[in-house]
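Comments concern the structure below.
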Amino acid sequence: MGREGGGASGRGRCVAGPGACRRRPPVAGLGGLGLWLQCLFPQPGMADSAQAQKLVYLVTGGCGFLGEHVVRMLLQQEPQLRELRIFDLHLGPWLEELKTGPVQVTAIQGDVTQAHEVAAAVAGAHVVIHTAGLVDVFGKTSPETIHEVNVQGTRNVIEACVQTGTRFLVYTSSMEVVGPNIKGQPFYRGNENTPYEAVHRHPYPCSKALAEQLVLEANGRKVLGGLPLVTCALRPTGIYGEGHQIMRDFYHQGLRLGGRLFRAIPASVEHGRVYVGNVAWMHVLVARELQHRAALMGGQVYFCYDNSPYKSYEDFNMEFLGPCGLRLVGTRPLLPYWLLLFLAALNVLLQWLLRPLLLYAPLLNPYTLAMANTTFTVSTDKARRHFGYEPLFSWEESRTRTIRWVQAVEGSAQ
Ligand SMILES: NC(=O)C1=CN([C@@H]2O[C@H](COP(=O)(O)OP(=O)(O)OC[C@H]3O[C@@H](n4cnc5c(N)ncnc54)[C@H](O)[C@@H]3O)[C@@H](O)[C@H]2O)C=CC1
Ligand SMILES: CC(C)CCC[C@@H](C)[C@H]1CC[C@H]2[C@@H]3[C@H](O)CC4=CC(=O)CC[C@]4(C)[C@H]3CC[C@]12C
């Protein structure tokens, strides 16, 4: 099989100021021949079920929305796990409950922007799953901080792998590396090879694009001990599920408005969503298979997908908020787009004026409005073809679990 690349995984540009970046296609690999050779001559240090080798995994950002699900999924689904290290700026109290099982769980409070802290956490790990990042499209942090965490932090993780001899690195990238772009061009049920002009201005997608580029280009670098580093990047679309703060914000907003939410986005705009449990499962599976299919998977990007339906952002949320008693008012946006744009710009002004006093970071700003109003959906099976991924949770299970979470967390059981 020839290597896949180019298209949506091809060139992308950030037209921000100093941080302008240009992504190049992933480093070419050996293709199918390399896979065949590896089957004949497996490299030492690769996980091998015959050796019953027990592995050390490190999850950065392991206390975040996605990270926690990855941690729990590893403990449930990874038989080779001997030690699980959880590296995060903010450790959660729930970690204590994980320390009673057969796997050694090591909680490490640390900062990915601090290279020495990252190196200490990575040393001795066989696999690193790097989910830590600042997911900020609401103006909560500065562009510099977003870059420092998402780009420099990723650079520190890569260098730690090289310096300490860790060979397998999975990076949690994002759909935003591709789009929607600054021209608002739709990406309709595209895949990893769909041609699309990935041009960004916002600090968050710029940082994710730069970090992904660093990870893919690091594939094949020699690590301590002389063996090659094997990397890949996963691109989730909008993740939903237990622990999704934005879903919680929408619910609270609806409660404040008497059980109603008012449509702001046309129902015709499709927005890709994927259940957090399936994203976590894809991380676990890709981390496992990367050790056996390095030639095929190394340097590759994979969209995260499942059988969640294609809907507008608001209609999709109502799949969960409706059963919790909320109603979406309007079959089309109640306010004209120009007024929403004005309100979004007003929010930016208010955020700037209030910053010395408090953090004002509403959901509506020019970037989120543009995101929500631009179709971006994926339709691909590359993860299935490359490493046998199938969603672990059906749409019905994903929906039920999310509804139960909203009901339980908000005490809104009907
Ligand atoms: N939430 C979503 O819809 C999507 C998220 N992603 C990516 O998934 C990853 C996880 O995102 P979420 O779980 O939604 O975010 P989150 O904010 O819930 O989790 C991020 C975690 O990283 C940690 N972190 C932040 N800065 C750190 C630092 N300097 N050092 C160490 N840890 C640090 C945070 O404490 C947090 O636990 C991110 O890389 C994000 O870009 C990608 C696509 C969609
Ligand atoms: C007009 C409304 C007030 C807009 C509300 C919806 C927005 C808050 C969300 C619409 C699209 C979301 C983003 C999208 O799912 C892609 C993302 C990928 C990531 O890597 C992180 C999260 C996000 C930027 C996500 C954030 C919320 C939206 C902007």
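Worth knowing before you read on, the calculation uses all heavy atoms, side chains too, and leaves out hydrogens, waters and symmetry mates. We count ligands from 1, going down the list as the structure has it; atoms in each ligand are counted the same way.
Of the protein's non-hydrogen atoms, Val135 CG2, 3.5 Å is the one closest to atom 11 (O) of ligand 1. Among protein heavy atoms, the minimum distance from atom 16 (P) of ligand 1 is reached at Phe65 N, 4.0 Å. For atom 8 (O) of ligand 1, the closest non-hydrogen atom of the protein is Thr172 CG2, 3.3 Å. For atom 22 (C) of ligand 2, the closest non-hydrogen atom on the protein side is Val135 CG1, 4.0 Å. Given atom 4 (C) of ligand 1, the protein heavy atom at minimum distance is Ile239 CD1, 3.5 Å.
Close approach of ligand 1 to Tyr204 is summarised as follows: ligand atoms under 4.0 Å from at least one heavy atom of the residue are 40 (C), 41 (O). For ligand 2, the atoms lying closer than 4.0 Å to a non-hydrogen atom of Ser174 are 18 (C), 19 (C), 20 (O). Heavy-atom proximity to Asp111, at under 4.0 Å, picks out these atoms of ligand 1: 28 (C), 29 (N), 30 (N).
Heavy atoms of Gly153 come nearer than 4.0 angstrom to ligand 1 in no pair at all. Judged by the shortest distance from any of its heavy atoms, Ile246 lies outside the 4.0 Å radius around the atoms of ligand 1. Contact analysis puts Ser173 in contact with ligand 1, with a non-hydrogen atom separation below 4.0 angstrom. In this structure, Tyr240 does not count as a contact residue of ligand 1, since none of its heavy atoms falls inside 4.0 Å of the ligand.
Closest heavy-atom approach to atom 26 (N) of ligand 1 among the candidates Thr154, Ile108, Val149, Val274: Val149. Nearest-heavy-atom check against atom 26 (C) of ligand 2 across Ile265, Val177, Ile239, Ile246 picks out Ile246. For atom 23 (C) of ligand 1, the choice among Asp88, Val177, Leu89 with the nearest heavy atom turns out to be Asp88.
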>> Does Leu261 form a side chain to side chain contact (heavy atoms under 4.5 Å, CB included) with Arg327? I'd like the steps, not just the answer.
In response: CA-CA 6 Å; Leu261 288 170; Arg327 183 166 63 88; over 6 Å; no

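Among Val230, Leu169, Val127, the single residue meeting the side-chain contact (heavy atoms from CB on, under 4.5 Å) criterion with Leu290 is Val230.
Ligand 1 has an N or O atom lying under 3.5 Å from an N or O atom of Leu66, backbone or side chain. Checked by distance only, ligand 1 and Val112 come closer than 3.5 Å through their nitrogen or oxygen atoms. Looking at Gly64 next to ligand 1, an N or O pair under 3.5 Å apart turns up.
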